[in-house]
Peer 1: 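Attaching a single structure in structure tokens format; questions to follow.
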Amino acid sequence: MAMLRTLLLILGCCSWAAGVAAAPVSRDDPESSDPGRRRISTAAGSAVVVTANPLASSAALSVLRDGGSAADALVTAQAVLAVVEPQSSGLAGGGFLLFWDAQQQSLEVLDGREVAPQSSRPDDLLSPSGDPLPWREATARLDAIGIPGTVALLWDVHQQYGRLPWASTLQPAIQLARDGFRPSPRLLRSISLAQRIGVSHSPAFESLYLPGGQPPPADQLFGNPALAHTLETLARDGGPVFYRGVLARRILQQMGALQAGEPGFRGWSQSDLSSYAVERRQPLCSEQLQHRICTVPPPSSGGLAVLQTLALLEQSIDLSISSAADPQTWRQLASAQAWADADRLYWVHDPIDGTIPVRALLDPTYIQTRSTAMGTSTGARPAPGLPAGIDHYPYGRPGKGREQGTTHIAIVDSDGNLASYTASVETVFGSRHLVAGMVMNNQLTDFAFRPTIQGKPVANRRRAGRRPVSSMAPVIVFRNDAPVLSVGSPGGRSIPHVLSRVLLASLAWQEPPARAVGLPHVSMRKATLVLEKEPPLPWTLSAAKLQTSDQPVRFQRLGSGTGLLQWINGRWHGAADPRREGKALALP
């Protein structure tokens, strides 16, 4: 049996060099990495932009060159991505922003996560028999669309930190949507992937993105006139028009028209839009790897998972002598990820429903207890722990959630203001419904489909006015009270896995930015150790060294889109993940 396992492992390693197969359509990886890319985009200077698309990076850098702040550049970058990378984020999605104000020396979180409309019910994504709907069916339902928060977040950060007129920050996106751009290879692959997931419920999607049943030609300009009109309205009337005013009425009217094709959908009300508000939250920070690592708190569970993973890792091995060539470090990293997942998927919910024991879950005594249990576990899927002050499990234990269509933007301006922003529309192209030219999210599938399990309520159950739990986890790292690193990534449930590995490489292994984003990823999924197949940079150890007698191993491509900024020798250095089409650009 041991010989057979070794043979299978060798065959898996050899397959890393094989040709690119069609990306699978699954809840784990509906947005795969870009195959074949090995060049890692880097840039260094006084101000740096990293986004998932060269057009967005170029537009944002122009804003900085014209005297705009990191907030201005962020608005421009996200607006352009809504046009050129609509499969991942857009105006009808949501996100989390971690913003460092260099002048005030303050860090704050803007929560622009989507909200369940007032018509929501806990059983909206259950079949008449009470079973969860199939994933593909659920992603296409109007019940899956949350009240978008992206525009409100962009407006709020611009009003507080912007220097340029709001209208000017949207002009690059308006021009691209109106005049067209050449669709990138990844956009065209994503359109085909959405077609495989299912788009027949959305004639508007088929008309725009699949004219004649095929994606638009790569060598011809592709535009989105309806989205250009929406952006022009926003530029003229400001962000609030999305929630109150002519654009809000347009959105409600078009959502109402879609309701005819889904009679069970109870619709949105005017107050669903007008009552939406960005939540300002306190950053979640912890001392790890000789730095202060700050991220976003619940309803994101990703930040907690990153901090727990690193804390468990520090308890289990001596990181001062570890390296990318040490198999024990990789195994312990994957194990720590799984144990952190067990806690965050159980305990985290929308804070509106009460206190979440985040501090207790990061307490050193609790981490030590979990680390000891992790070290003696037999490889079974870990269970959530009981932090101090809690003597019972109050919730039902749900399955693992998913988010997939996501992007990350990292920007630092010449004054040292930092924006670390992760945004999403959920599954590739969200629900595939289009309203006013915008891709509508399907973020409400991030709620647990079953509101109760074995008679107990699930913490992350769907209810009106609630924000679903997210894995998004933008990070800013401090040393001696000054920011020295910013990082974030898409990747769905694996976002904390990606970020814990990147932070380990940057802060413990002292890898430069390009290697930190390009080294292989590892992830634990259902007690299987998943190793990245064909990573941008090769594995620094023999894969056979990661095999143990009781640990199943699987090789597959792992999609991420890390954007990293790091302060090195008096300049900011940026690196864009080569697994996507990202670009890092800088001012001198």
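Here the structure is a predicted model, which means the values were calculated and not measured.
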Peer 1: Does a side-chain N-to-carboxylate-O contact under 4.0 Å join Arg178 and Glu232?
Peer 2: yes
Peer 1: What I want to check is whether the side chains of Thr51 and Ser57 have a donor and an acceptor closer together than 3.5 Å.
Peer 2: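 Short answer, yes.
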Peer 1: When you check the gap from the basic side-chain N to the acidic O, do Arg163 and Asp72 get nearer than 4.0 Å?
Peer 2: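 Asp72 and Arg163: not salt-bridged.
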Peer 1: Does Asp350 pair with Arg113 as a salt bridge, N-O distance under 4.0 Å?
Peer 2: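 No.
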Peer 1: Do Trp100 and Asn417 come close enough that some side-chain heavy atom pair is under 4.5 Å?
Peer 2: no
Peer 1: Output the distance between atom CG (Asp156) and atom OH (Tyr161), rounded to the nearest 0.5 Å.
Peer 2: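 The CG atom of Asp156 sits 10.5 Å away from the OH atom of Tyr161.
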Peer 1: Give a yes or no on whether a salt bridge exists between Asp143 and Arg141, defined as a side-chain N under 4.0 angstrom from a carboxylate O.
Peer 2: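 Result for this pair is yes, salt bridge flagged.
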Peer 1: If you count the non-hydrogen atoms of other residues, nucleotides and ligands that lie under 6.0 Å from CD in Gln282, is the total more than 12?
Peer 2: no
Peer 1: Under 3.5 Å, is there a donor-acceptor pair between the Arg344 and Ser471 side chains?
Peer 2: yes
Peer 1: One thing to verify: whether Glu114 and Arg467 come together as a salt bridge, which I'm taking to mean a side-chain N less than 4.0 angstrom from a carboxylate O.
Peer 2: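 Salt bridge absent between Arg467 and Glu114.
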Peer 1: Do Asp577 and Thr562 meet the criterion of a side-chain donor-acceptor pair at a distance under 3.5 Å?
Peer 2: yes
Peer 1: Run through Ser560, Ser470, Ser489, Ser424 and flag the one making a side chain to side chain donor-acceptor pair (under 3.5 Å) with Thr406.
Peer 2: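 The passing option is Ser424.
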Peer 1: Are Ser88 and Arg186 linked by a side-chain donor-acceptor pair shorter than 3.5 Å?
Peer 2: yes
Peer 1: Taking atom CD of Gln175 as the centre, does the number of heavy atoms from other residues, nucleotides or ligands within less than 6.0 Å exceed 12?
Peer 2: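 No - once you tally the heavy atoms of other residues, nucleotides and ligands closer than 6.0 Å, there are 12 at most.
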Peer 1: So which atom in Tyr276 and which in Val115 form the shortest heavy-atom distance, rounded to 0.1 Å?
Peer 2: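 Residues Tyr276 and Val115, closest heavy atoms: CE1-CG2, 3.5 Å.
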Peer 1: Go through the side-chain N and O atoms of His408 and Thr422 and say whether any donor and acceptor fall under 3.5 Å apart.
Peer 2: yes
Peer 1: Would Glu532 and Arg579 pass as an ion pair if we require N to O under 4.0 Å?
Peer 2: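 Salt bridge: yes.
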Peer 1: Quick one: do Val296 and Met472 satisfy side-chain contact (heavy atoms from CB on, under 4.5 Å)? Show the steps, please.
Peer 2: CA-CA 8 Å; Val296 296; Met472 292 184 277; 5.9 Å; no
Peer 1: Are Arg571 and Gln566 close enough that a side-chain donor and a side-chain acceptor fall under 3.5 Å?
Peer 2: no
Peer 1: Has Gln159 got more than 12 heavy atoms of other residues, nucleotides or ligands less than 6.0 Å from its CD?
Peer 2: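 Buried by this count: over 12 neighbours within 6.0 Å.
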Peer 1: For Thr295 versus Val109, what's the shortest heavy-atom pair and its separation?
Peer 2: O-CG2, 4.1 Å
Peer 1: Roughly how far, to the nearest 0.5 Å, is the OG atom of Ser89 from the CG atom of Asn441?
Peer 2: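 Reported to 0.5 Å precision, the distance equals 11.5 Å.
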Peer 1: Do we see a donor-acceptor contact under 3.5 Å between the side chains of Ser500 and Thr309?
Peer 2: no
Peer 1: Can a donor-acceptor pair be found between the side chains of Gln118 and Ser271 at a distance below 3.5 Å?
Peer 2: no
Peer 1: Is Leu444 close to Pro468 at the side-chain level, that is, under 4.5 Å between some pair of heavy atoms?
Peer 2: yes
Peer 1: Give the minimum heavy-atom separation between Val517 and Ala575, together with the two atoms involved.
Peer 2: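 It is CG2-CB, 4.1 Å.
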Peer 1: Counting only heavy atoms not in His229 (residues, nucleotides, ligands), do more than 12 fall under 6.0 Å from its NE2?
Peer 2: no
Peer 1: Going by atom types only, do Glu85 and Thr407 share a side-chain donor-acceptor pair under 3.5 Å?
Peer 2: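 Indeed, the side chains of Glu85 and Thr407 share at least one donor-acceptor pair under 3.5 Å.
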